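Report on one structure; see the data block that follows.
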Amino acid sequence: EAAEEALDPETLTIGFARRFATYKRGTLLLRDKNRLASILNEPKRPVQVIFAGKAHPRDDAGKELLQQISSIAREPQFRRRMVFLENYDLSVARYLVQGVDVWLNTPLRPNEASGTSGMKALVNGVLNLSTLDGWWDEAYLDHSKDCPTFGWAIGKGESYAERSYQDQVEAEALYDLLERDVIPSFYDRRADGLPRKWISYMKSSIGNLCASFNTNRMIREYTERFYLAAHTDYERLSANGAALAKSLAESMARVREAWHHVRIRMLDSQLPAEIEMGESVRFQAAVQAGPLTPEDLRVELYAGRLNADGDIVEPVITEMKLAGQESDAYRYEVTAVPCCGSGRHGYTARVLPRNADMRHALVPGLITW
């Protein structure tokens with residue numbers, strides 16, 4: 001009898017189903033039960049939530065989250081608007097990603113590796129509501145500026161030192177999104193009863209995201225960018241009794257042995273406190289190379305806008321050219337445009353190994369700033 005009273009096919013339905021690890025924060029939606037009850041039981045615009053999932057057998061904290069949800073779902077104020085489905089498996093997941101209206105994902109940044117359940121919901125016309133982590137961080141930030149609404153981001157990717165405060169901020173942001181955007185959009189109906197705004201969001205979500213977030217694209221990209229390139233490298237390095245591979249190994253061993261001698265310092269760039277956008281500036285650096293030579297090294301200017309923490313973001317990387325030799329160092333310089341926009345900017349330089357036979361120059365342990 002209780003089951004017959006639960007869930008209504010005409011009600012906005014939110015789904016949350018996955019492995020119950022603590023970082024996924026399955027109970028974030030339940031943080032303020034009074035506010036949630038008000039949202040779910042609004043007479044003209046009700047909402048219902050379906051939870052499902054399992055915890056690892058040895059994850060006691062994850063099991064406690066499941067117990068909390070199961071217990072809250074049985075409370076009188078939630079009995080008709082919230083259910084927890086037991087025995088979560090592929091079959092249950094299949095029905096959920098096809099049957100709900102909104103897919104909720106609330107991982108604590110930056111712990112979510114991907115979030116493939118949200119992609120499965122995507123191809124079924126379900127709209128995603130998620131913190132900016134995993135695939136949604138990429139999808140939302142890349143597409144939200146250029147296309148109509150196709151889902152919602154909880155917060156803006158902020159991180160706070162105190163976990164409890166982080167949960168409070170993002171729970172309030174979640175409730176605000178539901179009340180202000182998600183629920184009104186779903187219940188915005190025309191005379192024919194169709195939620196045309198919601199349907200446009202579904203079409204926008206499918207049209208803008210499905211082409212990128214699917215297995216076909218992933219396999220093709222892996223093949224074209226990595227597997228074929230790796231095969232070509234193998235053929236090239238293994239030819240003639242692996243002559244090129246041996247030469248590269250010997251060269252890198254020599255560079256690695258001598259790398260602790262590499263030192264770099266910025267020289268006077270004559271950079272004023274303020275410069276105009278687009279203005280060119282000459283930068284200089286002195287590099288101590290020890291037994292290595294300029295043929296072994298690539299020196300780069302690394303410049304860009306500074307964030308609130310003083311870190312360079314969106315860097316512009318320009319190779320510096322050898323300009324001369326001093327007593328114990330080589331002098332490099334470049335004339336560059338360090339400012340691509342207004343605001344505070346910073347610059348530094350780095351040294352990387354140079355070898356035409358390397359796939360790329362970013363080798364762990366062989367980068368000097």
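Note that the structure is a prediction, hence the values are computed from the model and not measured.
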*Verify side-chain contact (heavy atoms from CB on, under 4.5 Å) between Ile264 and Thr348, making sure each step is shown before the conclusion.*
CA-CA 10 Å; Ile264 182 172; Thr348 184; over 6 Å; no
*Start with the C-alpha gap between Trp152 and Leu127, add the side-chain angles, then the distance that decides, and say whether side-chain contact (heavy atoms from CB on, under 4.5 Å) holds.*
CA-CA 8 Å; Trp152 296 272; Leu127 301 183; 3.6 Å; yes
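- Note that CG of Asn307 is 8.5 Å distant from CZ of Arg344, once rounded to the nearest 0.5 Å.
- The side chain to side chain contact (heavy atoms under 4.5 Å, CB included) check on Ala37 picks up Asn41, Gln77, Phe78, with sequence neighbours excluded.
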*Hey, mind stepping through Asp188 and Ser185 against side chain to side chain donor-acceptor pair (under 3.5 Å) and telling me if it holds?*
CA-CA 5 Å; Asp188 182 8; Ser185 298; over 6 Å; no
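- Taking the six-membered ring for Trp, Tyr302 and Trp369 have ring centres closer than 6.0 Å.
- Checking side-chain atoms of Ser200 against main-chain N and O of Lys197 turns up a donor-acceptor pair under 3.5 Å.
- Taking every heavy atom of both residues into account, Cys210 and Val123 meet most closely at SG-CG1, 3.6 Å.
- Distance alone, capped at 3.5 Å, is enough to place a donor-acceptor pair between the Thr223 side chain and the Ile219 backbone.
- Residue pairs meeting the salt bridge (charged side-chain N to carboxylate O under 4.0 Å, His left out) criterion with at least one member in residues 89-116, sequence neighbours excluded, are Lys24-Glu112, Arg109-Asp137.
- The main-chain N or O of Ala211 is found under 3.5 Å from a side-chain atom of Asn214 such that the two form a donor-acceptor pair.
- Hydrophobic cluster of Tyr88: the remaining members, joined at side-chain heavy-atom separations below 4.5 Å, are Leu7, Ile50, Val83, Leu85, Val92, Leu96, Val97, Val100, Trp103, Val126, listed by chain and number.
- Distance check, rounded to the nearest 0.5 Å: CZ of Arg331 to CE of Met320 gives 10.5 Å.
- The side chain to side chain donor-acceptor pair (under 3.5 Å) search around Asp311 returns none, not counting sequence neighbours.
- Asp357 places no side-chain N or O within 3.5 Å of a backbone atom of Leu248 that could act as its donor or acceptor partner.
- Shortest non-hydrogen contact noted between His345 and Ser342 is CE1-O, 3.8 Å.
- Both Val49 and Ile183 are assigned to one and the same hydrophobic cluster, defined by single-linkage of ILVMFWY side chains at heavy-atom distances under 4.5 Å.
- Judged by distance alone, the side chain of His143 and the main-chain N or O of Leu141 form no donor-acceptor pair under 3.5 Å.
- Hydrophobic clustering of Ile, Leu, Val, Met, Phe, Trp and Tyr side chains at less than 4.5 Å, counting indirect connections, keeps Tyr140 apart from Met202.
- Looking only at distances, a side-chain donor or acceptor of Glu279 sits under 3.5 Å from a matching main-chain atom of Glu276.
- Counting heavy atoms of neighbouring residues, nucleotides and ligands inside a 6.0 Å radius, atom NE2 of His231 does not exceed 12 of them.
- The minimum heavy-atom distance linking Leu177 with Ala153 is given by the pair CD1-O, 3.3 Å.
- One finds no salt bridge joining Arg81 and Asp8 here, because no Lys/Arg side-chain nitrogen approaches an Asp/Glu carboxylate oxygen to under 4.0 Å.
- Considering only heavy atoms from C-beta on, Asn128 comes within 4.5 Å of Trp135 through its side chain.
- The structure places CZ of Arg354 at 13.0 Å from CG of Leu292, a figure rounded to the nearest 0.5 Å.
- Of the possible donor and acceptor atoms, one in the side chain of Arg189 sits under 3.5 Å from a partner among the backbone N and O of Phe186.
- With contacts defined as side-chain heavy-atom distances shorter than 4.5 Å, the pair Pro46/Leu12 does not qualify.
- A salt bridge does not link Arg80 to Glu5: none of the charged side-chain nitrogens sits closer than 4.0 Å to a carboxylate oxygen.
- Counting heavy atoms from C-beta on, the side chains of Leu306 and Ile312 come closer than 4.5 Å.
- Applying the ring-ring contact (aromatic ring centres under 6.0 Å, His included) test to residues at least two apart or on different chains, the pairs with a partner in residues 159-184 are Tyr160-Tyr165.
- Between Phe51 and the options Phe84, Phe16, Phe20, a ring pair (Phe, Tyr, Trp, His ring centres under 6.0 Å) holds for only Phe16.
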*Apply ring-ring contact (aromatic ring centres under 6.0 Å, His included) to Phe150 and Tyr201, showing your working.*
CA-CA 5 Å; Phe150 56 85; Tyr201 290 173; 9.4 Å; no
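- Note on Leu209: it clusters hydrophobically with Leu132, by side-chain heavy-atom contacts below 4.5 Å among ILVMFWY residues.
- A salt bridge does not link Lys321 to Glu333: none of the charged side-chain nitrogens sits closer than 4.0 Å to a carboxylate oxygen.
- When hydrophobic clusters are built by joining Ile, Leu, Val, Met, Phe, Trp and Tyr residues whose side-chain heavy atoms come closer than 4.5 Å, directly or via intermediates, Leu40 is not grouped with Leu28.
- Residues Gln168 and Asp32 form no side-chain contact, since every pair of their non-hydrogen atoms from C-beta on lies 4.5 Å or further apart.
- For Pro291 against His261, the heavy-atom pair with the smallest separation is CD-CD2, 3.5 Å.
- Counted by atom type alone, Thr131 and Trp136 present zero donor-acceptor pairs between their side chains at under 3.5 Å.
- A donor-acceptor pair under 3.5 Å is formed between the side chain of Arg263 and the backbone N or O of His260.
- Electrostatic pairing of Lys44 and Glu42 does not count as a salt bridge here, judged by no charged N lying under 4.0 Å from a carboxylate O.
- Side-chain contact, Thr232 with Arg236: no donor N or O sits under 3.5 Å from an acceptor N or O.
- The two residues Ser117 and Arg18 make their nearest non-hydrogen contact at OG-NH2, 3.3 Å.
- With Tyr227 as the aromatic partner, Arg225 does not meet the cation-pi criteria of under 6.0 angstrom to the ring centre and within 45 degrees of the ring axis.
- A heavy-atom distance below 4.5 Å is not found between the side chains of Gln48 and Ile14.
- Looking at Asn111, its side chain never comes within 3.5 Å of a backbone N or O of Pro107 through a donor-acceptor pair.
- Around the CD atom of Glu314, the shell of radius 6.0 Å holds no more than 12 heavy atoms that belong to other residues, nucleotides or ligands.
- Of the inter-residue distances, the one linking Asn208 atom CG with Lys203 atom NZ reads 13.5 Å to the nearest 0.5 angstrom.
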*Tell me, with the steps shown, if Thr13 and Val102 meet side-chain contact (heavy atoms from CB on, under 4.5 Å).*
CA-CA 6 Å; Thr13 305; Val102 175; over 6 Å; no
*Run the side-chain contact (heavy atoms from CB on, under 4.5 Å) check on Ser164 and Arg31 step by step: do they pass?*
CA-CA 11 Å; Ser164 177; Arg31 187 174 178 86; 3.3 Å; yes
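- Salt bridge absent: Arg217 and Glu224 never bring a charged side-chain N and a carboxylate O closer than 4.0 Å.
- No donor-acceptor distance shorter than 3.5 angstrom exists from the side chain of Thr27 to the backbone of Leu65, with no hydrogens or angles considered.
- Atom CD of Glu221 has more than 12 heavy atoms from other residues, nucleotides or ligands within 6.0 Å.
- Hydrophobic clustering (side-chain heavy atoms under 4.5 Å, transitive across Ile, Leu, Val, Met, Phe, Trp, Tyr) keeps Phe283 apart from Leu352.
- For residues 164-175, the set of pairs meeting the salt bridge (charged side-chain N to carboxylate O under 4.0 Å, His left out) definition, not counting sequence neighbours, comprises Arg25-Asp167, Arg25-Glu170, Arg163-Asp167.
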